[in-house]
Amino acid sequence: MPAEVYGEILRKAREAAGLSQAALGELLSCSESLVGLIERGKRRPSKGFTLAAEAALGLNGELYGLLPNTTVMSTPTWFSEWPKVEEKAHTIRTWQPLVVPGLLQTACYARAMLSAAPGATEQWIEDAVETRLRRQAILGRVVPPSYWALIDECALIRPVGGKEVMREQLAHLLKAAEQPNICIQIVPLDVGATAGVLGGFALAKGDGIPEHVYVEDVVRGTVSPREEMVRQVNLLYDAIHKWAHPVHVSRRLIREVAARYEDQ
């Protein structure tokens, strides 16, 4: 990787965002001097620094693609269109009945989820985790999309990865919920059956593009802008949303479940 090229892209993106080296360092939890060294090509950036910088500056792989020996997991053909839709969206709404939505997962939670895939190798898992974290960069852009997540209470109590992973994941949800562009609402278990118990989905709107839907399946998923499918999924979302706790109650429930993991 030509360090100078990486540094120049980082500098231009930082300046375009109106940030000083010190301000960017604060966002990335590193020193001003480290930012300066990387911009001058005097220090090799880590993957962690790169992913955090792309999220903070609204980049979409411009820096990550320059890292040496980095392999991004190949995306299934049926899913490859969805990250492109996410990048163009100004509003994303999602429903998840079983797990935390991918855009809100921590690295440890995502790793635990992906490890359950039959035949998953360590390299495949790490590549897949990095791919998921790169998608999350859209939520940290200078002008991020509005993100509305409906999550079943089941996803909070399912101990993916164990109590330590879940404590971190629930803390991450609470922190994410503080962002003005992110709304998280929990659908309580005592509702019983809802219109969405059979699977998760997401809807995305953007200027200049038709609304798209992503519907999950046990084997594969479907990404489509077809009006009839989009209309049906919108109806599903509205039907589920009416059962969701208000935002303040949802946050209280997340804190209560997190406390249970502390006590275990």
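Positions are given from 1 along the sequence. When reading the values below, keep in mind they use all heavy atoms of this one structure, side chains included, and skip hydrogens, waters and symmetry mates.
No more than 12 heavy atoms of other residues, nucleotides or ligands lie within 6.0 Å of CD in Glu26, so this atom counts as exposed by the packing criterion. Counting heavy atoms of neighbouring residues, nucleotides and ligands inside a 6.0 Å radius, atom CZ of Arg11 exceeds 12 of them. At most 12 heavy atoms of other shown residues, nucleotides or ligands fall within 6.0 angstrom of atom CD in Glu227.
A distance-only check finds a donor-acceptor pair linking the side chain of Tyr109 to the backbone of Val100 [under 3.5 Å]. One N or O on the side chain of Glu153 and one on the backbone of Leu189 form a donor-acceptor pair closer than 3.5 Å. Here the side chain of Thr50 pairs no donor or acceptor atom with the backbone of Leu63 at under 3.5 angstrom. Judged purely by atom type and a 3.5 angstrom limit, Arg251 uses its side chain to pair as donor or acceptor with the backbone of Ala177. Without hydrogens or angle criteria, Gln169 side chain to Thr106 main chain gives a donor-acceptor distance under 3.5 Å. Side-chain atoms of Asn181 come within 3.5 Å of backbone atoms of Pro145 as a donor-acceptor pair (strictly under, hydrogens ignored). At least one donor-acceptor pair closer than 3.5 Å links the side chain of Gln185 to the backbone N or O of His245. Although no hydrogens or angles enter the test, the distance criterion places no donor-acceptor pair under 3.5 Å between the side chain of Thr94 and the main chain of Trp148. Of the possible polar contacts, none joining the His248 side chain to the Pro246 backbone as a donor-acceptor pair under 3.5 Å is found. Checking side-chain atoms of Trp243 against main-chain N and O of Val191 turns up no donor-acceptor pair under 3.5 Å.
Clustering ILVMFWY residues whenever any of their side-chain heavy atoms sit less than 4.5 angstrom apart, transitively, puts Leu98 in the very cluster that holds Leu173. No chain of hydrophobic side-chain contacts below 4.5 Å, direct or via other Ile, Leu, Val, Met, Phe, Trp or Tyr residues, connects Leu37 to Leu24. Cluster annotation: Leu198 and Leu235 are assigned to distinct hydrophobic clusters (Ile/Leu/Val/Met/Phe/Trp/Tyr, side-chain heavy-atom contacts under 4.5 Å, transitive). No continuous path of ILVMFWY side-chain contacts below 4.5 Å connects Leu19 to Val142, so the two sit in separate hydrophobic clusters.
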Show, in sequence, the C-alpha distance, side-chain angles and deciding distance for Gln105 and Gln136, and conclude whether the side-chain hydrogen bond (donor to acceptor under 3.5 Å, both in side chains) test is met. CA-CA 9 Å; Gln105 292 178 7; Gln136 295 178 2; 5.9 Å; no

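In summary, Glu4 and Arg40 do not engage in a salt bridge, as defined by a charged side-chain N under 4.0 Å from a carboxylate O. In this structure, Lys175 does not pair ionically with Glu178, as no charged nitrogen and carboxylate oxygen lie closer than 4.0 Å.
Proximity of Ile184 to Leu104: side-chain heavy atoms (C-beta onward) are separated by under 4.5 Å at one or more points. Under the 4.5 Å side-chain criterion, counting only non-hydrogen atoms from C-beta, Leu236 is not in contact with Trp95. Side-chain contact between Glu216 and Gln96 is present, with heavy atoms from C-beta onward closer than 4.5 Å.
Ring geometry for Tyr237 versus Phe201: interplanar angle over 60°, hence perpendicular rather than tilted (30 to 60°).
Inspection of the Ser31 and Ser33 side chains reveals an N or O donor paired with an N or O acceptor under 3.5 Å.
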